[in-house]
Amino acid sequence: MVETATAKTAQKAHYSFFQGVERNFDKAAKYTRFEKGILEQIKACNAIYQIKFPVRIGDKIEVIEAFRVQHSHHKLPCKGGIRYSMDVNQDEVMALAALMTYKCAIVNVPFGGAKGGITINPKNYTPFELEKITRRYASELVKKNFIGPGIDVPAPDYGTGAREMSWIADTYASLKPGEVDALGCVTGKPIAQGGVRGRTEATGLGVFYGVREMCNVAEDMQALGLTPGIKGKKVIVQGLGNVGYHAAKFFAQGGAVIVGLAEYEGGVYNANGLDLEAVVAHRKSTGSILGFPGATDFKNGFDVIEQECDILIPAALENVINADNAARIKAKIIGEGANGPLTPEADEILLAKGAIIIPDMYLNAGGVTVSYFEWLKNLSHVRFGRMDKRFSENQNSSIIATLEEMTGKKVSDIERRQLQHGPDEVDLVYSGLEDTMIGSFYEIRDAMKEHNLKDMRTAAFIVAINKVGVAYEELGIFP
Ligand code: GLU
């Protein structure tokens, strides 16, 4: 929910964001077998809806500009977040919608890509005004059939969260009385409104699972001059919003050392490690990340990302690493927590330096993966684990009892609790996410090996194009 200054650097790219995505697509398309027409169809944005609507703010009427782009209909519903930011424009929403298509394909989420945005700074409005804007936007989507559990399912993105999703679900449900699956029209909702446990932290957790898996491959770590395993790796995270904060938290829990944190007002660095929660508390009480005891201050947050570390996680907005600063980045592993944080030029500079870039459309796909689980929960109208948790616990108890009887030994109370535990919703969501991130990592790695590529983004695009291309081929052309 935190607005950062990073978007200002977006102009530094020589390509528009959408053109950058197309350029990366074209690089990968060469390695696929699809005819030109299919590739053109995969690349194109299928439907673009630009809206202007009036909202009464105080005693004035404001005309609000908003978008929803459905990039691909090869699988339905379409899926992708809604962002609130002054940087929202049609090109950005198109690029982000396209990335959603590839992202869903990579993590085997059976959806087409979409994205929405409203060109506002949410900080300029009261919650009441934001609710009015959000509900009006949702009703405009309903009017044009641009939202629905089988049509297009928004989710949170930059500047939005569970609160906005709840307003959208309620607006949709009141305009579609009796639609039994109405809650499946949007994901990222609060738990009490049909949300799923684990969705809030899902993107950050997915970032952690993806980077950890890469670090576990000894051969790849050796090529980078690093030791295998996540333990002790020095990490800098840029952006302490939902993605950055949770990624940093899981890295620290996994044994990595958070050495740098950057936000829009500046950043802090300590080679011996920073206590994430203490930094967050300091920022809350002083209003700034700067001045954290024991850390070096950087008035410009961008300077922090250039400091010594093994892993850099840009987790704010697009184009923050570009032709101007890429050469100064020291990290060997760059994990894209945000969507499009590297320009195509930055990509080339860093690859030439021998770094590995774990691309956004894989690494931050944890959010949409768990959104898929939430959608499944909404359609099945039952919490994950409700039917089998107790059954598993009873089974586990009898296995323990049998083993104790056979061996004549007793397990300790702690062991008993661990062995007996049947899955809660959050356990199942985490395990589904972990399995997805690990499985997709090796799909991309296999593509790298097959095509002898150093560039993981191109490999990820190859994986995505192959899946979407096959879907379009099999669907045929209508009529
Ligand atoms: N906004 C998130 C993304 O960019 C999540 C999208 C979703 O859950 O549909 O991946």
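Each ligand, and each atom within it, is numbered from 1 in the order the structure gives. The structure displayed is predicted, hence computed values, not measured ones. Note that these values count all heavy atoms, side chains included, but never hydrogens, waters or copies made by symmetry.
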So, the side chain of [X] versus the backbone of [Y]: is there a donor-acceptor pair under 3.5 Å, distance only?
X    : Y    : result
D435 : G432 : no
D91  : F18  : yes
E265 : I289 : yes
T203 : V243 : no
K75  : G112 : no

Centres of the [X] and [Y] rings: under 6.0 Å?
X    : Y    : answer
F67  : Y49  : no
Y209 : F441 : no
Y102 : H71  : yes

Residue [X] vicinity, atoms of ligand 1 by number, heavy atom under 4.0 Å:
X    : result
G81  : 1 (N), 6 (C)
M100 : 3 (C), 4 (O), 6 (C), 10 (O)
V368 : 7 (C), 8 (O), 9 (O)
G80  : 9 (O)
N339 : 4 (O)
G367 : 8 (O)

Let me confirm one number: the CD-CG distance from E318 to L96, rounded to the nearest 0.5 Å.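 These two atoms lie 5.5 Å from each other.
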For ligand 1, does P156 get within less than 4.0 Å through its side chain, its backbone, both, or neither, judged by non-hydrogen atoms? backbone
Using a 4.0 Å heavy-atom threshold (strictly under), name the region of L96 that reaches ligand 1: side chain, backbone, both or neither. neither
To check your reading of the model: name the closest protein heavy atom to [atom], its residue, and the distance in Å.
atom                    : answer
atom 7 (C) of ligand 1  : A155 CB, 3.2 Å
atom 9 (O) of ligand 1  : K79 NZ, 2.8 Å
atom 8 (O) of ligand 1  : S371 OG, 2.5 Å
atom 4 (O) of ligand 1  : K115 NZ, 2.9 Å
atom 10 (O) of ligand 1 : K103 NZ, 2.7 Å
atom 5 (C) of ligand 1  : R199 NH2, 3.5 Å

Any side-chain heavy-atom pair from L276 and L240 closer than 4.5 angstrom? yes
Look at ligand 1 and say whether R83 reaches it with a heavy atom at a distance under 4.0 Å. no
Can you find an N/O atom of N364 closer than 3.5 Å to an N/O atom of ligand 1?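 In this structure, N364 places no N or O atom under 3.5 Å from an N or O of ligand 1.
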